[in-house]
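Each chain gets a letter, A, B and so on, in the order its sequence line appears, and its residues count up from 1.
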Amino acid sequence: VSLWKQRLRWARGNVQVTRRYRKLWFRPSRTHGLGGVSFGIFWFCLFLQPIVMITSSAALLTLYFGNFPRAWLAFHLLWIINAATYIFITCFSLLIDPKIGRHTWRQALVFPGAINLSIIIYSCFPRLFGGPLRYLFTTARLYQAHGHRGWVIVFIYAWPAASMAVAYLAKVVESRPFGRFLSPLLVYTVGYGSLLCACTFASYVKELRHAEMIWDKTEKTGKVVIPT
Amino acid sequence: VTGDPGWQRPRTFEREIRYALRYERGLFVKALVALAVVAVIVILRTLYFA
């Protein structure tokens, strides 16, 4: 909940900055750097990430019901790009500070979440998992005409958008019974990126509703021990 | 500024610049290593697991 409060505060700040400087974006100027094209691309890639995730899911699902082979191709392209980005960012981040990397490599590996990581591994090495998956789907009667077509594919296509809802659930259940166990479990399932996207989406809603702008201070209760 | 002889400042500045450049060069090499890992996985996927 503390993390959610903090990130929501930051995300609402981003929405306010985007709105306040709306006449400056993508208009290069000699007096300030806000109008730079590259800066604008970086900014809006992060700012619009929830919309990108929702539209990706919507596009894949539309293609799935309309033109399955194209959906399958688009899905592979999307996840191969995701896999390459994940491998590059993870390797580079760990290499920047190898001493810290030795202590944090497990967290770095599961950063995208268990489900996204499984999809990434499958996208990289489909043949390696094709046999066992086909057996699993056949025995579970999920295997149909187009490979793994069925609710599993629909689930995977819907996952980018659905993961944000599950990330929100991680925040909601924390104060409920078994929340201390369930909340981290859900966060590790959906990944940190989806959690941040859910925060950004919540910030859109808060700003659209003109919610009260309070600091909602984060109470820091963490007990992090730095190994020596 | 007192107690900071002027002739020492350029030397300190040069040392800082050298350190910063070494760090930036290190980052470049690390980025190349990370790209090489991506390339190896893409090649492996294309040749054996596609």
Quiz item: What are the residues of residues 22-31 of chain B, in order of number, with any heavy atom under 4.5 angstrom from a heavy atom of chain A?
Solution: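 Only B:Y23, B:L27, B:K30, B:A31 of residues 22-31 of chain B have a heavy atom under 4.5 Å from chain A.
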Quiz prompt | Structural part of A:L94 lying under 4.5 Å from a heavy atom of chain B | solution =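 Neither; nothing under 4.5 Å.
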Quiz item: If you measure from CD1 on A:I80 to OG1 on B:T46, what distance do you get to the nearest 0.5 Å?
Solution: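 The OG1 atom of B:T46 is 8.0 Å from CD1 of A:I80, to the nearest 0.5 Å.
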Quiz item: Taking atom CD1 of B:I41 and atom CD1 of A:I120, what is their separation to the nearest 0.5 Å?
Solution: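 Going from CD1 on B:I41 over to CD1 on A:I120, the span is 11.0 Å.
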In terms of heavy-atom contacts, does [atom1] of [X] have more than 12 from other residues, nucleotides or ligands at under 6.0 Å?
X: A:F26; atom1: CZ; answer: yes
X: A:Y168; atom1: OH; answer: no
X: A:F47; atom1: CZ; answer: yes

Self-check item: Any residue meeting side-chain hydrogen bond (donor to acceptor under 3.5 Å, both in side chains) with A:W159, in chain and number order, not counting sequence neighbours
Solution: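 If we apply the side-chain hydrogen bond (donor to acceptor under 3.5 Å, both in side chains) test to A:W159, skipping adjacent residues, the hits are A:N116.
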Quiz item: Which heavy atom in B:V37 sits nearest to a heavy atom in A:C91, and how many Å separate them?
Solution: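 What the structure gives for the nearest pair is CG1-SG, 3.8 Å.
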Quiz prompt | By ring pair (Phe, Tyr, Trp, His ring centres under 6.0 Å) - contacts of A:F39 (at least two apart) | solution =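 Residues passing ring pair (Phe, Tyr, Trp, His ring centres under 6.0 Å) with A:F39: none at all.
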Quiz item: Taking only residues two or more places apart in sequence, or in another chain, which ones meet A:F111 in a ring pair (Phe, Tyr, Trp, His ring centres under 6.0 Å)?
Solution: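 Per chain and number, A:F111 pairs via ring pair (Phe, Tyr, Trp, His ring centres under 6.0 Å) with A:Y192.
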